[in-house]
Amino acid sequence: IAIPEQIKGVLSNLSIIASPKFAKRSLREIQASLKKKFFLLFLIGCAVVGSYIIAAPFIFHAFFPKYNDSIFYSQLFVVSMLNMTFTISGTALTAQRRIKEQYIFNIAIPFIKVVLMTTLILWSGLIGLIIARIITRFADGILSAILLYAAKEEQSITGSNIQSQ
């Protein structure tokens, strides 16, 4: 999983770059603009995943010839990178300081991860672990997107609201 994790690390910088922009925009603006970005990120993810799946045998033969048995596992694991499509929604939740949604996320995802890993490792060993990690990553991204789109715009206190109270 080392090579896919390194690729993911490079691509995760997109979230870091987006964070200040999300902090300046309203929740509604973010929700509206992310639908197009999800599709674009999915296409980029497909290109990266497809390229790695094709290149992995060559990379392993050249740099890791003793680990040729791991090529399939690495190719399978790289599919988890498609979750990067939705991880930007987690960044938006953080930038918007959506505490309730972050609590839900930070409780649910580790619970899902432990249950899946325990169950799938016992069921199928190493391949089960990889499948559990893939499912967990997708759950991570999908849950953050659901929480972002379910979030309601908070009422801000303006001068007219203060005068009427």
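- Remark: F64 pairs with F60 by the ring-ring contact (aromatic ring centres under 6.0 Å, His included) rule, at least two apart or across chains.
- When the options V48, L41, I134, V49 are evaluated for a side-chain contact (heavy atoms from CB on, under 4.5 Å) with L82, the one that passes is V49.
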Only pairs under 3.5 Å count here: list side-chain donor-acceptor contacts from residues 107-133, not counting sequence neighbours, and write none if there are none.
residue: T118; atom: OG1; partner: V114; partner atom: O; Å: 2.8
residue: T119; atom: OG1; partner: V115; partner atom: O; Å: 2.7

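- Residue pairs meeting the side chain to side chain donor-acceptor pair (under 3.5 Å) criterion with at least one partner in residues 50-63, sequence neighbours excluded, are Y52-S74, H61-N68.
- Pairs passing the side chain to side chain donor-acceptor pair (under 3.5 Å) check and including a residue from residues 38-47, sequence neighbours excluded, do not occur.
- When atom types are taken as modelled, the side chain of N83 and the backbone of G141 share no donor-acceptor pair closer than 3.5 angstrom.
- Between L143 atom CG and N106 atom CG the span is 10.0 Å, to the nearest 0.5 Å.
- Looking only at distances, a side-chain donor or acceptor of S26 sits under 3.5 Å from a matching main-chain atom of E29.
- Residues satisfying the side chain to side chain donor-acceptor pair (under 3.5 Å) test with E101, not counting sequence neighbours, are R98.
- Residues passing the side-chain contact (heavy atoms from CB on, under 4.5 Å) test with I99, sequence neighbours excluded: Q102, Y103.
- Applying the side chain to side chain donor-acceptor pair (under 3.5 Å) test to residues at least two apart or on different chains, the pairs with a partner in residues 140-151 are S89-S144.
- One finds the CD atom of Q75 at 9.5 Å from the CD1 atom of I54 (value rounded to the nearest 0.5 Å).
- By the ring-ring contact (aromatic ring centres under 6.0 Å, His included) test, F105 pairs with no residue at all, sequence neighbours left out.
- Linking ILVMFWY side-chain heavy atoms closer than 4.5 Å, directly or via other members, places F58 and I71 in two distinct hydrophobic clusters.
- For the ring-ring contact (aromatic ring centres under 6.0 Å, His included) condition, the pairs that include at least one residue of residues 23-51, sequence neighbours left out, are F38-F86.
- The distance from atom CG of L93 to atom CD1 of I104, rounded to the nearest 0.5 Å, is 10.0 Å.
- When the side chain to side chain donor-acceptor pair (under 3.5 Å) test is applied to T136, no partner is found at least two apart in sequence or on another chain.
- Counting only heavy atoms from C-beta outward, the side chains of T94 and F22 never approach each other to under 4.5 Å.
- Residues K37 and L40 have side chains not in contact (no heavy-atom distance under 4.5 Å, counting atoms from C-beta outward).
- Here K21 pairs with nothing under the side-chain contact (heavy atoms from CB on, under 4.5 Å) rule; sequence neighbours left out.
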